[in-house]
Amino acid sequence: MLISVHVPKCAGTSFRHVLDGICGDHIWYNYGTIFSREQARLELVPDGTRVIHGHFIADSFDDILPERQLITWVRDPIERLVSNYQYFLRSPDMRDDCCRAVHENKLGLREFVDLDWMRNMTSRYLANKTLDEFKFVGICEAFEASMGLFETTFGYRTSGNMPRVNTNPDRAEPRYGITHGDREYILQRNAADMEWYGNAVDRFAESTGVRISRVA
């Protein structure tokens with residue numbers, strides 16, 4: 001059983017299209033049914049499921065699926081957070097508490113960064129697990145190379161069609177153009193995510209020979 005944790009704004013929607021081509025009807029897209037370990041019950045998992053993919057905390061299935069293998073994707077935490085903010089501005093979902101706060105309180109980027117749930121979001125989703133607990137960690141900044149590593153790790157053959165979806169159509173450059181001050185502000189509030197991402201990038205480089213340029 002593969003447990004694929006979709007951290008928001010970390011290529012999870014693009015990866016979902018890849019999984020569709022690999023596993024088809026054997027994937028359960030868990031968006032809203034089980035989010036935490038306390039909510040997990042085996043009877044909620046559809047029969048025949050081989051892959052679970054969605055927004056949920058990484059330890060959600062620890063008790064009911066002991067033979068699982070964890071996988072996820074990570075992204076430069078500064079880019080992830082700015083992308084999340086821009087996404088909320090572009091596509092409001094007022095069911096989301098943080099999105100609602102952005103629009104009702106007209107939050108700027110730094111105010112958004114200060115929302116409790118936005119701090120170290122990747123570490124929260126990954127349940128503070130170590131890198132070694134994940135069989136595969138893709139790097140958003142190296143999507144195609146990450147897919148190559150995914151194929152090698154699990155023996156899957158993808159179709160070669162790896163679309164990038166749910167991206168910001170207004171972003172012209174690979175990285176968001178924010179000020180040095182805003183970058184430092186985000187760094188100071190997301191140290192755990194920066195450390196996790198740095199470790200993931202280092203392991204990825206060792207496995208693939210692909211090195212990721214880090215601004216911070």
Side-chain angles (χ1 to χ4, degrees), residues 1-75 77 80-81 83-84 87-88 91-100 115-118 120-140 143 146-147 149-151 153-156 158-159 161-167 193 196-197 200:
M1 177 78 75
L2 290 184
I3 306 296
S4 174
V5 182
H6 177 186
V7 179
K9 306 309 296 177
C10 286
T13 304
S14 297
F15 189 52
R16 173 175 178 163
H17 285 263
V18 174
L19 292 175
D20 276 335
I22 295 172
C23 299
D25 294 338
H26 296 288
I27 307 169
W28 177 40
Y29 292 112
N30 173 35
Y31 288 89
T33 302
I34 297 173
F35 183 72
S36 66
R37 197 169 188 167
E38 293 72 26
Q39 297 171 333
R41 300 197 309 276
L42 191 58
E43 60 267 25
L44 295 175
V45 180
D47 291 340
T49 296
R50 296 208 307 259
V51 179
I52 300 174
H53 176 79
H55 291 317
F56 50 83
I57 305 302
D59 66 358
S60 294
F61 299 94
D62 283 9
D63 299 326
I64 65 173
L65 296 171
E67 301 302 318
R68 76 215 172 283
Q69 291 182 309
L70 287 171
I71 64 176
T72 195
W73 289 72
V74 294
R75 182 179 184 181
R80 196 220 64 77
L81 204 150
S83 178
N84 208 154
Y87 178 74
F88 281 162
S91 303
D93 179 358
M94 303 309 276
R95 297 168 299 177
D96 185 286
D97 291 341
C98 292
C99 184
R100 190 166 61 251
L115 293 175
D116 181 67
W117 182 245
M118 286 298 132
N120 292 306
M121 175 179 274
T122 297
S123 300
R124 293 173 189 255
Y125 265 86
L126 302 185
N128 294 312
K129 289 180 178 290
T130 65
L131 180 63
D132 289 341
E133 294 178 81
F134 288 80
K135 182 72 172 179
F136 164 82
V137 177
I139 308 296
C140 294
F143 187 80
S146 293
M147 283 308 310
L149 179 61
F150 176 75
E151 292 178 346
T153 301
F154 295 104
Y156 287 122
T158 64
S159 65
N161 180 22
M162 297 179 286
R164 296 304 305 273
V165 296
N166 202 25
T167 58
D193 278 7
W196 215 102
Y197 174 76

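Starting from 1, each residue takes its place in the sequence as its number. Computation of the quantities below employed the complete heavy-atom set of this structure, encompassing side-chain atoms and omitting hydrogens, waters and symmetry-equivalent molecules.
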Donor-acceptor contact present, side-chain N30 to main-chain G54, <3.5 Å: no
Using every non-hydrogen atom in the two residues, find where F154 and I71 come nearest and quote the distance to one decimal. CZ-CG2, 3.6 Å
Nearest 0.5 angstrom please: F136 CZ to M147 CE, how far? 6.5 Å
Between D193 and S123, a side-chain donor and acceptor under 3.5 Å: yes
Of the non-hydrogen atoms in K9 and S83, which two are nearest, and what is the gap between them? CE-OG, 3.0 Å
Which label fits Y31 and H6: parallel for a plane angle under 30°, tilted from 30 to 60°, or perpendicular past 60°? perpendicular
Output the distance between atom CH2 (W196) and atom CG (N128), rounded to the nearest 0.5 Å. 10.5 Å
Closest approach of A40 to I64 (non-hydrogen atoms, all atoms of both residues): CB-CD1, 4.0 Å
side-chain contact (heavy atoms from CB on, under 4.5 Å) partners for R95, two or more places apart: D93
Going through the distances and angles, do Q39 and I57 end up as a side-chain contact (heavy atoms from CB on, under 4.5 Å)? CA-CA 11 Å; Q39 297 171 333; I57 305 302; over 6 Å; no
Of the non-hydrogen atoms in W73 and C10, which two are nearest, and what is the gap between them? CB-O, 3.1 Å
What distance separates I27 CD1 from H53 NE2, expressed to the nearest 0.5 Å? 8.5 Å
Of all heavy-atom pairs between M1 and T49, which one has the smallest distance, and what is that distance? CE-O, 3.3 Å
Minimal non-hydrogen separation, C140 against R75, with atom names: SG-CB, 3.7 Å
In Å, rounded to the nearest 0.5 Å, how long is the span from CD of E133 to OG1 of T72? 13.0 Å
Have N84 and R80 got a donor and an acceptor in their side chains that come within less than 3.5 Å? yes
Salt bridge (charged side-chain N to carboxylate O under 4.0 Å, His left out) assessment of K129 paired with D59: CA-CA 8 Å; K129 289 180 178 290; D59 66 358; 5.9 Å; no
Over 60° means perpendicular and under 30° means parallel, so tell me whether Y156 and F150 are parallel, tilted or perpendicular. parallel
Nearest-0.5 Å distance that lies between atom CG in L65 and atom CD1 in I52: 5.5 Å
In Å and rounded to the nearest 0.5 Å, what is the CD1 to CD distance from I3 to Q69? 10.0 Å
Heavy-atom side-chain proximity of W117 to D96 below 4.5 angstrom: no
Is a donor on one side and an acceptor on the other found under 3.5 Å between the side chain of R16 and the backbone of S14? no
Residue pair Y125 / V74, side-chain heavy-atom distance below 4.5 Å: no
